[in-house]
Amino acid sequence: MLVSWLEVCVAADPSTGPDRTHADGLFSGGGEAGRLMAAHDWAATSVGPVQEWPASLRYAVRTVLASRFPMVLTWGPEFVQFYNDAYTPFIGAKHPAIGEDIRRTLAEGWAALSGPVEHAMATCEASWLPRLPLLLERAGYREETYFTVSHAPAFGDDGRVAGMHAVCTEVTAEVLGERRQQLLHDLSCTQAHRGDEAAVLAGLCRTLGSDPLDVPFAAVYLDGDGGLRRAGTVGCPPGSLPAHVPDAGALPGPVAGLGLVGGFWQDPVRDAVVLPLGGGAGEERIGVLVAGVSPNRALDAEYRTFLDLVAGQFASGLGTARAFEAERRRAESLAELDRAKTAFFSDVSHELRTPLTLLLGPISDVLADPADPLPPSARDQLELALRNGQRLQRLVDDLMDVASIEAGRAGAVRVPTDLAAFTAELAGVLRAATERAGLRLSVDCPPLDRPVHVDPRMWEKVVLNLLSNAVKYTFVGGIQLVLRGEPDQVVLTVTDTGIGIPADELPRVFDRFHRVQGSLARHREGTGIGLALVRELAGLHGGTVTVASEPGAGSTFTVAVPYGSPDAPADPVAPSSAAHGTAASWVADVTPDELPPAPAGATATVLVVDDNADMRTYLTRLLAPIWRVRTCTDGEEALAAVAEEQPDVVLTDVMMPRVDGFELLRRLRADPATRAIPVIMLTARAGQEAAVEGFTAGVDDYLAKPFRADELIARVRVALQRGSGGSAQLPPGRPEPVAPRAATAPEVRVLVPASRPPVPPRPATAPAVHRERWRFPAVAQSVPALRRALRRLFSTAGLDDDQAYDLLLAACEAATNAVEHAQQPTEPFVDVTAEVTTTEVVVTVRDHGQWRERVPSMDRGRGSTLMGAVGEVTAVPGPEGTTVTIRSPRTSPPPRPGG
Ligand code: ADP
């Protein structure tokens with residue numbers, strides 16, 4: 001083993017083997033560096049000609065050249081350097097520097113290197129300098145670089161230190177990468193802290209300031225005030241940058257003039273980049289980040305990506321802060337709205353109580369007067385009125401209760417109560433309604449061993465609300481009410497086999513005014529305060545209410561109250577008249593309608609669709625003497641009834657469970673077999689806006705509750721005449737004259753479209769001409785409806801977005817004029833036609849009045865300027881009204897047929 005090692009050493013001795021003494025042999029295999037060394041005039045240097053080099057230098061040089069690791073060797077007191085190809089990139093433009101004094105080549109970094117080099121040479125102890133920052137000017141600027149270096153002594157033939165061997169590796173990319181990664185991590189931690197926008201921005205700027213080597217200075221500008229406003233700076237006096245600029249282009253890119261310094265050696269900062277904050281696809285831009293570029297680093301792809309990521313962190317932090325703030329404001333305004341609603345209901349309820357008392361009192365007296373009994377039909381009607389008056393009263397009472405509990409005015413007056421007996425009695429009050437609804441009611445209230453102290457009226461509300469909800473939301477199965485005494489509380493559970501409540505709704509069902517959207521119920525009526533009231537009332541007794549539910553399987557509401565102590569002496573308790581009223585309403589609601597026989601000679605059938613049983617009864621009573629009447633409780637039932645036998649007219653409510661009035665209308669219109677059936681809508685949503693909505697949905701007529709009996713009959717008659725082709729006797733768009741309305745009735749006119757838009761069979765290819773015609777009530781609320789209708793038409797016709805937008809503006813301006821200026825119209829409508837052909841778009845707006853003389857005003861002519869900008873506008877006034885025509889050449893080609 002020893003022998004072979006010696007052999008190897010001898011064979012490797014550059015002074016012995018063939019050609020090894022020759023300079024070429026010494027440098028061969030050393031690549032470019034070897035060739036440079038071979039060509040170098042060593043005789044002119046302090047190390048002398050190659051032939052005279054000591055063996056130790058030859059060995060050392062050979063080691064350097066043979067290594068693929070970056071190595072540099074210096075020899076002699078003048079630090080003459082020898083390096084290999086792997087080392088050349090480190091000195092960049094200074095290469096070739098073979099044979100030069102290393103102290104000159106690395107002049108800018110020598111201050112940092114001389115100490116460890118001298119130490120290694122003096123003590124023979126190798127240095128170890130990980131991540132040594134070095135200033136290099138290899139790329140034409142003062143560059144921040146990092147090297148891990150080890151210096152070791154190089155020995156001469158006499159065994160004394162004759163030079164220095166250095167092995168080094170550049171770690172600039174790692175050092176910068178880690179540093180930048182750390183900053184990005186810190187920024188993401190900072191932006192995770194919740195706060196308002198200013199606090200988040202200040203935090204982000206502070207964190208950004210922790211890495212001045214990568215971002216010597218920065219400024220954040222936010223969009224607003226018609227430009228960009230400086231909102232934060234770091235690493236520079238705020239005043240060194242403008243406070244406000246019109247756009248990002250006005251922000252400085254070259255920043256040498258700002259006199260800022262930065263980087264590892266505090267050199268002047270010359271460049272900055274302006275990066276958008278947000279503004280990616282589907283995102284709104286928040287502002288921009290101006291980030292200074294280190295004078296000691298080139299703005300290469302990595303640096304740019306890093307700065308983009310910094311901007312991303314700012315955008316995300318500020319975006320989240322804004323969203324958070326918007327959410328907080330939304331929650332605040334909702335709470336405010338909620339308070340305002342409660343206050344409003346409370347005020348209104350007060351006002352309603354007096355007239356309600358004065359209505360219900362006399363009705364009850366008349367009904368109860370034995371001396372003067374009423375004929376059966378009058379009795380039926382008054383009972384209907386009484387029942388619904390009481391329903392209103394209960395609603396008003398509930399609202400008042402909620403309001404006074406909220407205001408801290410309500411307090412429970414607890415009396416010792418046999419809660420088992422009282423609860424069972426309350427359940428009994430609802431038994432008839434439950435059973436008529438086809439549900440089983442099981443009541444399990446064994447006697448308790450002691451009285452419970454509750455406010456009887458409040459407990460009654462708790463029980464009745466829970467039972468009423470159970471009836472309302474259960475269609476098959478049953479309801480079970482259980483009351484149990486536990487050691488320190490009494491627990492009431494009401495379990496149903498109804499529709500159940502989705503898990504995500506459970507936390508909110510006890511909130512005031514909260515209703516689960518789309519719940520299938522026996523009727524749509526309700527205010528969403530029943531369960532809120534139960535919770536408040538239980539709370540006033542020191543108790544709680546909870547719910548467990550599974551959609552499709554049912555719900556269990558559990559109320560627990562302590563036995564409590566008395567506030568007043570015992571008083572016999574019994575269900576109140578309000579409880580009996582609730583029960584009577586439910587009986588009416590769940591009892592199938594009794595339809596009177598059709599009158600002799602009746603030729604037409606009216607289908608009445610309403611979820612309120614009393615309303616169906618009332619409508620039936622009004623219509624049945626004239627026409628044959630059928631009834632349905634919601635839109636879904638109505639569709640089935642229409643499929644079975646077509647009525648001549650449909651009279652429908654709007655708000656109903658399952659399929660509401662608008663959906664019913666849509667489905668009737670969508671089916672060619674039912675498209676022609678006239679539909680009249682009845683709704684509690686008074687006001688012209690609702691009327692406009694009804695008309696754009698294609699309804700034939702519209703009647704707001706409360707309405708008068710004769711008006712209803714007149715409307716049905718008109719609809720029937722039109723439906724049977726009798727429209728010739730009635731000019732389109734004209735209401736049948738009706739008696740003047742009561743002053744309190746909401747102002748709703750019979751608004752008949754000039755003609756129901758014909759529904760042509762769907763063409764196989766896109767038609768070349770798109771034409772539609774609408775008639776709108778001459779009220780301001782029609783303008784949004786017109787805008788919607790036009791937008792739909794323009795989109796179907798494939799009109800270019802910009803042109804469609806301009807035309808919408810112009811047409812709405814013309815319609816606004818028609819509404820505002822037409823005096824004494826012969827008809828209270830505005831007629832609009834729109835036609836899109838392959839070459840042009842024509843919109844006409846016609847009113848039916850005289851235009852008054854225009855008063856000079858500031859905005860005079862604004863409308864015509866606006867319209868004129870879109871196309872050719874003509875206004876033709878006439879005794880019957882004015883027609884404004886907007887004509888605009890089509891700017892985009894029509895879509896390809898079938899495309
Ligand atoms: P509402 O007047 O709407 O009935 P409530 O406060 O009584 O108001 O109830 C709030 C909501 O909780 C209801 O709109 C309904 O969606 C749901 N809900 C209440 N009770 C039941 C029940 N027994 N089964 C299913 N859903 C229920």
Side-chain angles (χ1 to χ4, degrees), residues 338 341-342 345 349 391-403 405-406 426-427 430 433-434 437-443 458-482 492-539 544-559 578-579 581-583 585-586 589-590 611-613 634 655-658 660 684:
D338 202 33
K341 243 185 195 175
T342 309
F345 282 139
S349 306
R391 183 177 274 191
L392 183 56
Q393 194 171 37
R394 281 196 302 279
L395 192 62
V396 168
D397 287 349
D398 282 356
L399 287 168
M400 292 279 290
D401 283 350
V402 170
I405 291 172
E406 158 135 307
L426 287 168
L430 267 183
T434 317
L439 303 173
R440 278 183 325 278
L441 174 64
S442 115
V443 180
M458 291 186 176
W459 185 253
E460 176 180 298
K461 283 199 168 140
V462 169
V463 175
L464 289 188
N465 263 313
L466 294 180
L467 280 178
S468 296
N469 276 350
V471 176
K472 187 166 164 185
Y473 298 105
T474 305
F475 294 85
V476 284
I479 301 165
Q480 192 186 23
L481 179 146
V482 177
L492 167 77
T493 52
V494 176
T495 304
D496 64 51
T497 54
I499 58 163
I501 302 170
D504 58 337
E505 288 282 352
L506 285 178
R508 291 156 67 204
V509 286
F510 295 107
D511 289 354
R512 250 173 318 141
F513 309 121
H514 183 76
R515 311 192 71 202
V516 180
Q517 288 304 313
S519 280
L520 183 57
R522 284 188 186 271
H523 58 66
R524 272 289 305 152
E525 284 167 15
T527 50
I529 58 170
L531 289 180
L533 197 56
V534 169
R535 183 174 61 180
E536 302 284 3
L537 295 175
T544 55
V545 55
T546 53
V547 57
S549 185
E550 197 184 321
S555 313
T556 298
F557 286 86
T558 305
V559 177
T582 304
S585 289
W586 272 111
D589 277 348
V590 298
D611 58 333
N612 181 306
D634 60 42
M655 304 269 282
M656 291 181 296
R658 304 201 289 186
D660 70 10

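When a ligand or atom number is given, it counts from 1 through the structure's own listing order.
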If you measure from [atom] to every heavy atom of [options], which option wins on shortest distance?
| atom | options | result |
| --- | --- | --- |
| atom 12 (O) of ligand 1 | Leu395, Val509, Asn469 | Val509 |
| atom 16 (O) of ligand 1 | Val516, Ile501, Val534 | Val516 |
| atom 19 (C) of ligand 1 | Val494, Asn465, Leu531, Ile529 | Leu531 |

With heavy atoms of Gly528 as the reference, note each atom of ligand 1 found under 4.0 Å away.
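Those of ligand 1 that fall under 4.0 Å from Gly528 are 1 (P), 2 (O), 3 (O), 6 (O), 8 (O).
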
Which of the numbered atoms in ligand 1 are under 4.0 angstrom from any heavy atom belonging to Gly500?
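Matching atoms, with element in brackets: 25 (C).
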
Nearest heavy-atom neighbours spanning [X] and [Y]:
| X | Y | result |
| --- | --- | --- |
| Ser549 | Gly500 | OG-CA, 3.3 Å |
| Pro502 | Pro551 | CA-CG, 3.7 Å |
| Asp611 | Met655 | OD1-O, 3.6 Å |

For [X], is at least one N or O under 3.5 Å away from an N or O on ligand 1?
| X | value |
| --- | --- |
| Ala532 | no |
| His514 | no |
| Gly530 | yes |

For ligand 1, is Phe510 a contact, meaning one of its heavy atoms is under 4.0 Å away?
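No, that is not the case, since the closest heavy atom of the residue is not under 4.0 Å from the ligand.
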
Under a heavy-atom criterion of less than 4.0 Å, does Gly498 contact ligand 1?
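Gly498: no contact with ligand 1 (<4.0 Å).
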
Any sub-3.5 Å donor-acceptor pair from Asp660's side-chain atoms to Met656's backbone N or O?
no

Donor-acceptor under 3.5 Å (Thr497 side chain, Gly478 main chain):
yes

Using side-chain contact (heavy atoms from CB on, under 4.5 Å), reason through Leu506 and Val547 one step at a time and then give a plain yes or no.
CA-CA 7 Å; Leu506 285 178; Val547 57; 3.8 Å; yes

Between Ser585 and Arg394, do the side chains contain an N or O donor and an N or O acceptor separated by less than 3.5 Å?
yes

